[in-house]
> 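Pasting a structure here, questions to come.
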There are 2 protein chains.
Amino acid sequence: MVMGRPRSFDTDKALDEAMEVFWRHGYDGASLTMLTRAMGIKAPSLYAAFGSKEGLLRAALDRYALRRSEHMRYVLAGTSAREVAERFLNSIAESHTDPANPPGCLLVQGGLACGEGSENIPFELASRRALTETELRERFIRAQDDGDLAEASDPAALARFLSTVASGMGVLASSGADRDALREVARVSLSAFPDPSTRVSTKS
Amino acid sequence: MVMGRPRSFDTDKALDEAMEVFWRHGYDGASLTMLTRAMGIKAPSLYAAFGSKEGLLRAALDRYALRRSEHMRYVLAGTSAREVAERFLNSIAESHTDPANPPGCLLVQGGLACGEGSENIPFELASRRALTETELRERFIRAQDDGDLAEASDPAALARFLSTVASGMGVLASSGADRDALREVARVSLSAFPDPSTRVSTKS
DNA sequence: CAGCTTTTGTATCGAGTGGTAGATAAGTCA
DNA sequence: TGACTTATCTACCACTCGATACAAAAGCTG
């Protein structure tokens, strides 16, 4: 039983708007004026609900992670390492060019380098990017145990490779590359995951 | 024959310092206070020499391109498509983790998304990134003509792939990845450039 | 209704933003 | 030397930044 005046705005809707602003302008580039206008609330309401600009970003990142978690569930459900990689890269190509969102990836656009007073933002984003890499790595280790990833392969290296390509696709998308361009990058990247039907002995 | 009081600071030295600030903090995160302190000059000198904050960035980018041009000359001098790719990725792994500079790539860290009044910065950086991709593409087209790149390969796709991986490595390096991590990504990426000694027919 | 709690809007805080006016200093050229 | 040109410095501009004090409003509970 909550007492007092009820909140007059939908927190999740407001977070979606804030997410878009951070996504499009980065943390430093997103001003409180932009944020409050997009969210349809005044500064004091924002601070009452999220504590600070950084707290708002964190809440938006949580919501972003929620969105992506269903994609990752589908990705990790691939039946082989290659299929996982294929699903991962193609879903990235789709989501990073989804016209419903700003182009690219919030975890990249959000801020790789920030100014004084925002020094921890890049770390925050990096740690969230690392989560995806970890999920992939663990999936590949399992794939190796299951035998659908060659014993000579390095699950950690493959996961890091995919994560890196995903970040690169975020950069590419942010500069206006279209979906086909990203799909092409995905296709080339899959060379690192030899198709069973054309398997060949890889040295190194 | 220049008239008037001579400039009391070294423009190139000052640009190197400005470059480092933009590199570490991004365009929006780099304040004039930071810049002038790092450059060792006062604001009016900065504006007299470079016109504006944006002009300063452009001058720093020109200098950055100058630095990288010698690397690229070495890269493009590789004798086969694969060797070009190998040189490219390995030189990226080195330069993006060079302790003499901030980690990552200025063209990525500089600002993928900016605030009001800096909208054109991301485009500026993107167009500079595109130059490298173009150099690679033209080199690969030449490689195809020379016969050291399979006729079935797509030079444009390969160049875009490499450029994308390079951006991704920039993101990775910016979040503290060490040189070995980047080298590993480079090694995996080279799967897209089959070694002649283990050449295998690739469909698609 | 009254009493309590929380949110909302207005108006504003001090600090910092990019950028500049105007006086002074430091050189070159005649 | 003295006129001319350009750079540098101090001080400051109008504005925006993230964040907040305070009072009015809106709900629930008794």
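Values in this document were obtained by computation on a predicted structure and should not be read as measured data. All chains are named by letter (A, B, ...) in the order of the sequence lines, taking the proteins before the strands, and each is independently numbered beginning at 1.
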> Could you tell me the separation between the CZ atom of B:Phe9 and the C1' atom of D:dA7, rounded to a whole number of Å?
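Computing the B:Phe9:CZ to D:dA7:C1' distance gives 9 Å.
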> Rounded to the nearest angstrom, tell me the gap between atom CZ in B:Arg7 and atom P in C:dA25.
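So the two atoms are 21 Å apart, to the nearest Å.
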> Using a cut-off of 6.0 Å, state whether more than 12 heavy atoms not belonging to A:Phe9 lie near its atom CZ.
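More than 12 heavy atoms, drawn from other residues, nucleotides or ligands, come within 6.0 Å of this atom.
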> Looking at the side chain of A:Leu32, which of D:dC9, C:dG27, D:dA19 is the nearest nucleotide?
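Nearest nucleotide to the side chain: D:dA19.
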> Report yes if a side-chain nitrogen or oxygen of B:Ser31 is closer than 4.0 Å to either non-bridging phosphate oxygen (OP1 or OP2) of C:dT17; otherwise report no.
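For C:dT17, OP1/OP2 do have a side-chain N/O of B:Ser31 under 4.0 Å.
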> Please check the phosphate of D:dA7 (OP1 and OP2 only) for any side-chain N or O of B:Ser45 closer than 4.0 Å.
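Checking D:dA7 against B:Ser45, no side-chain N or O comes under 4.0 Å of OP1 or OP2.
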> Let me know the distance between OH of B:Tyr47 and C1' of C:dT20, rounded to the nearest Å.
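Answer to the nearest Å: 9 Å.
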> What's the CZ-P distance between A:Phe50 and C:dT8, to the nearest Å?
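My rounded result for the distance is 11 Å.
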> Less than 4.0 angstrom between a side-chain N/O of B:Arg5 and OP1 or OP2 of D:dT8, yes or no?
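So the side-chain polar atoms of B:Arg5 never come under 4.0 Å of the phosphate oxygens OP1 or OP2 of D:dT8.
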> Mind calculating the distance between CD1 (A:Ile41) and P (C:dT10) to the nearest angstrom?
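The answer, rounded to whole Å, is 14 Å.
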> Starting at the 5' end of DNA chain D, which residue's closest nucleotide do you reach first, B:Ala48 or A:Ala43?
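Mapping each residue to its closest nucleotide by heavy atoms, the 5'-most match is B:Ala48.
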> Mind running salt bridge (charged side-chain N to carboxylate O under 4.0 Å, His left out) on A:Arg67 and A:Asp16 for me, showing each step along the way?
CA-CA 11 Å; A:Arg67 274 196 204 177; A:Asp16 282 336; 3.4 Å; yes
> Round to the nearest Å and state the distance from A:His25 atom NE2 to D:dC17 atom P.
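Atom NE2 in A:His25 sits about 12 Å away from atom P in D:dC17.
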> Can you tell me the distance, in whole Å, between the CG atom of B:Leu46 and the C1' atom of C:dT17?
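In whole Å, C:dT17 C1' lies 14 Å from B:Leu46 CG.
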> Look at A:Glu20 together with A:Arg24 and state whether they make a salt bridge at an N to O cut-off of under 4.0 Å.
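Result for this pair is yes, salt bridge flagged.
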> For the side-chain contact (heavy atoms from CB on, under 4.5 Å) test, which of B:Asp154, B:Val84, B:Asp148, B:Asp145 pairs with B:Phe140?
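One option only clears the test, and that one is B:Val84.
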> So, is B:Lys42 near the phosphate of D:dT8, with a side-chain N or O under 4.0 Å from OP1 or OP2?
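Checking D:dT8 against B:Lys42, no side-chain N or O comes under 4.0 Å of OP1 or OP2.
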> At 4.0 Å (heavy atoms only), tell me whether A:Pro44 reaches a base, stays on the sugar-phosphate, or touches nothing.
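Base contact - A:Pro44 has a heavy atom under 4.0 Å of at least one base atom.
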> Is there side-chain contact between A:Glu119 and A:Glu116, with heavy atoms separated by less than 4.5 Å?
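Result yes, sub-4.5 Å side-chain heavy-atom pair found.
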> Let me know the distance between CG of A:Leu35 and C1' of D:dC17, rounded to the nearest Å.
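The answer, rounded to whole Å, is 12 Å.
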> Can a side chain N or O of B:Ser8 be found less than 4.0 Å away from OP1 or OP2 on C:dA26?
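Indeed not, no polar side-chain atom of B:Ser8 lies that close.
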> Taking only side-chain N and O atoms of A:Thr33, does any of them lie within less than 4.0 angstrom of OP1 or OP2 on D:dC17?
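Affirmative; the distance criterion is met.
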